[in-house]
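Remember, it's 1-based here, ligands and their atoms both numbered in the order they're listed. FYI, the numbering just counts along the sequence from 1.
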Amino acid sequence: MLNISVLNDPAFCSQSLNKYASLMACGNGYMGIRATHEEEYTHQTRGMYLAGLYHRAGRHETNELVNLPDIIGISLQLNGEYFSLLSGEILSWERQLNFANGELTRSVNWRSPDGACFRIDSRRFVSLDQLPLTAMQFSITPLDNAAKISLATGIDATQTNSGRQHLDEISVRVFDQHSLQGVYETQDGAIEIVISARCQLSQESECSFSAKNRRLTCHHALTVPQGQTVTLEKIVWVAHRRDKALSSETFARNALGELNACADRGYSALLHRSARAWQTRWNTCRVEVMAEAYQDQIALDYAVWHLTAMTPAHDERISIAAKGLTGEGYKGHVFWDTEIFLLPFHLFTHPQTARRLLRYRWLNLAGAREKARRNGWPGALFPWESAASGREETPEFAAINIRTGLRQKVASALAEHHIVADIAWAVVAYWQATHDDAFMRNEGLTLLTETATFWMGRATEVSGRLEIHDVIGPDEYTEHVNNNAYTNYLAHYNVANALKFMQQFGLQDNGFTEKATDFLARIWLPEADENGVIPQDDTFLSKPVIDLSQYKKDAGKQTILLDYSRAEVNEMQILKQADVVMLNYLLPERFDRQQCRANMNFYEPRTIHDSSLSKAIHGIVAARCGDTQKAYRFWRDGADIDLGSDPHSSDEGIHAAATGAIWSGAIQGFAGLQVLNGELHLSPALPLQWHRLTFPLQWQQTQLRVTIDSESVTIDSPAPVSLTLWGQWVTVNGQQTWRRNDFSLSVNGTATTGDKP
Ligand code: BGC
């Protein structure tokens with residue numbers, strides 16, 4: 001049995017309600033439910049989302065992940081007073097998300113303003129076993145006197161996305177005195193949602209129903225003797241569909257049938273099955289660390305938990321939102337975060353999921369081609385932000401310009417084109433880790449050639465060489481520049497791999513080959529100076545430098561934009577996030593340690609880390625440079641983006657990319673996993689704070705298990721696998737241990753080390 005950690009919400013605090021609603025959100029890749037309290041608080045944002053369920057509510061809007069009717073809210077009255085922890089006294093408090101079985105629990109002892117004491121217990125989970133299922137229990141125990149208790153809960157369709165209504169109520173109904181059903185439709189009529197809920201009380205009560213003002217509610221009232229516990233059990237089935245093959249009645253009836261089958265089994269049995277599914281999941285992707293700070297294990301479990309809860313592994317038409325399924329930040333849109341920050345975890349644990357994420361891009365090629373065409377380029381220009389289709393979804397405006405008082409335009413949709421090459425990078429990474437030729441022959445090569453074709457058309461000829469003008473690199477504080485190094489190198493990588501795989505798979509296209517060969521010969525790859533520093537773009541190094549220390553202290557909050565307009569920031573050497581350092585990370589074959597170190601030393605002081613995509617990458621590059629302690633500091637800071645003490649950093653949802661980076665920091669940083677020229681390399685160096693690191697790893701259809709401590713590495717492999725360990729070629733079959741100092745072997749199976757044949 002793995003000893004999986006729990007995440008605690010340390011105290012009831014009205015300031016951090018939304019932070020913990022995000023961090024402790026439950027999900028299964030199909031749906032996500034924010035960890036809001038049952039009772040109402042003014043600033044608490046409730047949220048239930050279905051992956052891929054987007055809707056555009058107005059002409060000037062983009063598609064957003066729809067906030068569905070709420071099922072969590074319970075209005076509780078105790079002796080005629082509404083229960084709220086803002087009044088009375090909290091005598092004891094415990095709230096945790098149990099990563100092992102996916103259950104969120106709360107137990108509070110509370111004295112009401114009238115002096116009566118109660119224990120309130122609640123528990124809930126979203127099933128990993130049956131995706132549309134969620135279940136909860138809510139219990140009240142009057143501790144010192146009998147109490148009159150009334151409870152009201154149901155399906156509350158007054159939820160909005162920051163005031164925007166996306167759903168029409170089609171019908172609401174009650175069945176058998178216990179079950180409620182609401183049928184809703186997105187206002188464009190495209191998607192139907194059926195929410196069915198059974199509410200059952202453990203004791204006899206007066207029960208009634210109401211359907212009013214978009215709320216379908218079940219009311220219970222009873223008197224509970226002192227010391228007795230009354231429990232409300234609510235089982236909910238959330239179904240939705242786009243295709244209307246079945247009649248509405250049949251679809252709704254089927255949903256009710258599913259609900260009844262689940263509700264008959266009851267909360268504990270349903271939880272047991274879901275917990276088993278989590279157990280299987282943990283067995284295949286848990287990263288275990290023996291560390292001085294238990295916080296580090298919690299961070300790793302937190303990451304794997306959310307990486308599972310946010311990923312729609314069941315449906316390749318959907319990808320992962322920047323906040324997963326935990327909130328409405330970035331309107332639930334999909335960015336390069338998926339391919340660069342989230343895909344590696346899946347690639348090395350569940351490659352089939354990585355494949356599905358790439359198929360999402362492949363299925364949306366039409367939109368990408370359309371966007372390229374509209375802008376006068378060939379090939380595929382993937383949208384900077386996307387939702388359920390290949391359409392560009394980036395909102396037009398962002399924050400106010402402090403100088404003009406006007407909202408500033410978001411330029412990413414116009415110029416942040418590196419996403420095209422990022423997707424191609426992910427296709428190559430997928431093939432290297434899986435050798436899935438069927439995918440490469442079909443989806444992979446189409447993606448590679450369409451993206452390569454884009455770059456070949458996108459480049460501009462200047463005195464014989466090819467340049468890429470007017471782009472935004474990963475550093476979004478530097479806009480509309482020429483020859484952003486990251487973009488040019490990645491475009492080169494994109495075209496080179498399109499050509500390579502076409503040849504490898506025997507595809508002949510003379511026109512493409514000729515153009516690609518010419519592009520590769522002439523594309524400008526910004527050169528490093530004598531110290532190894534690569535200019536971020538053509539003008540970056542000529543801009544003035546300012547002291548960023550005050551902004552770096554508030555990293556993530558973008559406080560620089562309170563003092564300078566974006567246009568002014570653009571004219572200084574200020575990075576929002578890793579850019580050349582990101583390039584060093586992604587193309588390890590191209591840059592040696594000395595160059596990586598030089599770029600890190602030059603750019604890091606100029607980087608505010610205002611994006612959550614920054615520190616962890618610096619950490620991985622620092623680890624590769626051999627600076628393990630620095631890497632550890634970055635890794636910790638990266639973990640603290642969600643898990644640190646800032647009460648508001650995650651109000652609108654967790655930072656999905658940062659959770660991917662927690663995993664990557666451990667595996668690609670401290671375990672030193674790299675894929676160089678298609679081959680697996682491990683070069684472990686644990687920080688002093690970590691004594692042992694153990695993790696499963698899928699590599700080319702073989703399930704490995706790696707254990708690292710300060711002196712040795714043990715790899716378990718059921719089949720022969722070759723890799724480079726600390727620079728030496730080894731083949732492992734069975735379980736082998738290598739000592740760091742002398743590489744002497746303690747072998748259960750057979751192992752060979754030496755030079756690569
Ligand atoms: C970052 C982007 C990222 C987006 C979504 C922005 O703040 O600059 O790199 O893709 O957030 O996470």
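- Numbered from 1 in the order shown, with element, the atoms of ligand 1 that lie under 4.0 Å from a heavy atom of W336 read 2 (C), 3 (C), 9 (O), 10 (O).
- Residue contacts with ligand 1: W384 is placed with no nitrogen or oxygen under 3.5 Å of a nitrogen or oxygen of the ligand (distance criterion only).
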Q: Output, in order, the C-alpha distance, side-chain angles, deciding distance and verdict of side chain to side chain contact (heavy atoms under 4.5 Å, CB included) for W336 and I423.
A: CA-CA 7 Å; W336 69 313; I423 292 168; over 6 Å; no
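- Contact atoms of ligand 1 toward K576: 1 (C), 6 (C), 7 (O), 8 (O) (distance under 4.0 Å to a heavy atom of the residue).
- Identified under the salt bridge (charged side-chain N to carboxylate O under 4.0 Å, His left out) test for residues 641-663, with sequence neighbours left out: K557-D646.
- Contacts of H655 with ligand 1, taken as heavy-atom pairs under 4.0 Å, are absent altogether.
- If you check which protein heavy atom lies closest to atom 8 (O) of ligand 1, you get Q577 OE1, 2.6 Å.
- When the options F454, F382, Y486, W384 are evaluated for a ring pair (Phe, Tyr, Trp, His ring centres under 6.0 Å) with H417, the one that passes is F454.
- Because its NZ or CZ atom is not both nearer than 6.0 Å to the ring centre of Y564 and within 45° of the ring axis, R566 does not count as a cation-pi partner of that residue.
- The shortest N/O to N/O separation between Y330 and ligand 1 falls below 3.5 Å.
- The six-membered or imidazole ring of H469 lies away from that of H480, with a centre-to-centre distance of 6.0 Å or more.
- Pairs passing the salt bridge (charged side-chain N to carboxylate O under 4.0 Å, His left out) check and including a residue from residues 348-366, sequence neighbours excluded, read E316-R359, E339-R361, R355-D436, R359-E443.
- Some N or O of E476 is nearer than 3.5 Å to an N or O of ligand 1, by distance alone.
- Interface atoms of ligand 1 facing L613, defined by a heavy-atom separation under 4.0 Å, are 3 (C), 9 (O), 10 (O), 12 (O).
- Side-chain N or O atoms of Y603 include one that pairs as donor or acceptor with a backbone N or O of Q536 at under 3.5 Å.
- Within the listing of ligand 1, atoms 3 (C), 5 (C), 10 (O), 12 (O) sit less than 4.0 angstrom from a heavy atom of D337.
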